Amino acid sequence: MEEEVVEKPTGIKGKIKGFFGIRLFSGILMILAGVAIAFQAGCNATLNKYGGRSFSSVCTFSIAAVCSCLFFIFDILVLKTPPPSGKLRDAPWYAWIGGILGAFYVIINILTVPRLGTATVLSIFVCAQIITACIIDHFGLLGLAKRKYSIWRILASLGLIGCVVVVAKF
């Protein structure tokens, strides 16, 4: 069996890909994304107050579409990532519903944050996300590798539910 030789990217692509490959930097990015989501919920609720629910949703996704297009252009032109190929047609149906799920998330945020507050809404979302992710891992759904929903993960899930109750109550 021949060993596959993987060339390391050079130039700006190599520097950027190397930087994004660092675990610490990835962790920092995830923390910043979590902070951004907390602010996004509040910003959407404020925009809802001034422009209405549907306007807030349309505005959020219009700006997100522009940002996504800019990232796509940067990824293709600067990082030299190959553009989508013909194998895109072979993607399973569930690969295409991310946008619908993202819209659902933002719309639910717009509807619930003004009533329940950012901390309660996001604690419920995070708890639901983690428990759902554990179930997805356990059954290997969406074509992902299986990872057992162990007693430790179950206990952590119960702890999360307890945290939600405390955040919502106090």
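Side-chain atoms are counted along with the backbone in the values below, which use heavy atoms only and exclude waters and symmetry mates. Along the sequence shown, residues are numbered consecutively beginning with 1. On a predicted model such as this, the values are computed, not experimentally measured, just so you know.
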Q: Indicate the atoms forming the closest heavy-atom contact of G102 with F61, along with that distance.
A: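 Closest approach of G102 to F61, heavy atoms only: O-CZ, 3.4 Å.
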Q: Answer yes if I28 and V35 sit in the same cluster of Ile, Leu, Val, Met, Phe, Trp and Tyr residues linked by side chain heavy atoms under 4.5 Å apart, and no otherwise.
A: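 No, it is not one cluster - the side chains of I28 and V35 are not joined through contacts under 4.5 Å.
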Q: Step through the shown structure and confirm whether more than 12 heavy atoms of other residues, nucleotides or ligands are within 6.0 Å of CZ on R153.
A: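 More than 12 within 6.0 Å, yes.
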Q: Say you draw a straight line from CG of L158 to CD1 of I151; how long is it, rounded to the nearest 0.5 Å?
A: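 Between L158 CG and I151 CD1, I get 8.0 Å after rounding to 0.5 Å.
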Q: For a quick test of reading the model, state the closest non-hydrogen atom pair linking T132 to A128 and the distance between them.
A: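 Taking every non-hydrogen atom into account, OG1-O, 2.7 Å.
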Q: So, for T118 and A41, which heavy atoms are closest and what is the spacing to 0.1 Å?
A: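 Looking at all heavy atoms of both residues, the closest pair is CG2-CB, 4.1 Å.
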Q: Under a 4.5 Å side-chain heavy-atom rule over Ile, Leu, Val, Met, Phe, Trp and Tyr, are V126 and V167 clustered together?
A: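 Different clusters: V126 never reaches V167 through Ile, Leu, Val, Met, Phe, Trp or Tyr contacts under 4.5 Å.
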Q: Does the side chain of F125 come within less than 4.5 Å of I108's, by heavy atoms?
A: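 Yes, at least one pair of side-chain atoms sits under 4.5 Å.
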Q: Going from OH on Y105 to CG on N44, what distance comes out if it is rounded to the nearest 0.5 angstrom?
A: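 Separation between the atoms: 8.5 Å.
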Q: Mind listing the closest non-hydrogen atom pair of I76 and T81 along with its distance?
A: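 Residues I76 and T81, closest heavy atoms: CD1-O, 3.2 Å.
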Q: Could you tell me whether the side chain of I131 reaches within less than 4.5 Å of the side chain of Y149, counting heavy atoms only?
A: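 When only atoms from C-beta onward are counted, I131 and Y149 do touch, with a gap below 4.5 Å.
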Q: Rounded to the nearest 0.5 Å, what's the gap from OG on S123 to CG on L116? Could you check?
A: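 The CG atom of L116 is 9.5 Å from OG of S123, to the nearest 0.5 Å.
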Q: Rounded to the nearest 0.5 Å, how far apart are CZ of F139 and CG of L144?
A: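 It is 14.0 Å, given to the nearest 0.5 Å.
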Q: Tell me whether L101 is reachable from L142 by hopping between hydrophobic residues (I, L, V, M, F, W, Y) whose side-chain heavy atoms are closer than 4.5 Å.
A: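 Cluster IDs for L142 and L101 match.
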Q: Could you pull out the closest heavy-atom pair between T60 and Q40, with the gap in Å?
A: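 That would be CG2-NE2, 3.8 Å.
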Q: Is the closest side-chain heavy-atom distance between V66 and S62 below 4.5 Å?
A: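 No, every pair of side-chain atoms sits at 4.5 Å or beyond.
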Q: So do T120 and T112 actually touch side chain to side chain, heavy atoms under 4.5 Å?
A: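 The answer is no; the side chains never approach within 4.5 Å.
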Q: Using a 4.5 Å cut-off on heavy atoms from C-beta on, say whether the side chain of H138 contacts that of K148.
A: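 The answer is yes, as the side chains (C-beta and beyond) meet within the 4.5 Å cut-off.
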Q: More than 12 heavy atoms of other residues, nucleotides or ligands under 6.0 Å from CZ of F39: yes or no?
A: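 No, not enclosed.
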Q: Quick check for you: to the nearest 0.5 Å, what is the distance between I31 atom CD1 and S26 atom OG?
A: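 The distance works out to 11.0 Å.
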Q: Please round to the nearest 0.5 Å and tell me the distance separating atom SG of C59 and atom CG of N48.
A: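 So the gap between those two atoms works out to 12.0 Å.
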Q: Under 4.5 Å between any side-chain heavy atoms of W96 and L88, yes or no?
A: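 Touching, per the 4.5 Å side-chain cut-off.
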Q: Applying a strict under-4.5 Å side-chain criterion to I, L, V, M, F, W and Y, I'd like to know whether I136 and I161 cluster together.
A: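 Shared cluster, yes.
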Q: Do T46 and Y50 touch side chain to side chain, with heavy atoms closer than 4.5 Å?
A: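 The answer is yes; the side chains approach within 4.5 Å.
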Q: For the residue pair R53 and L111, what are the closest heavy atoms and their distance?
A: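 Distance-wise, the nearest heavy atoms are CD-CD2, 2.9 Å.
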Q: Does V78 belong to the same Ile/Leu/Val/Met/Phe/Trp/Tyr cluster as F72, with side-chain heavy atoms less than 4.5 Å apart forming each link?
A: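 Result: no, two separate clusters.
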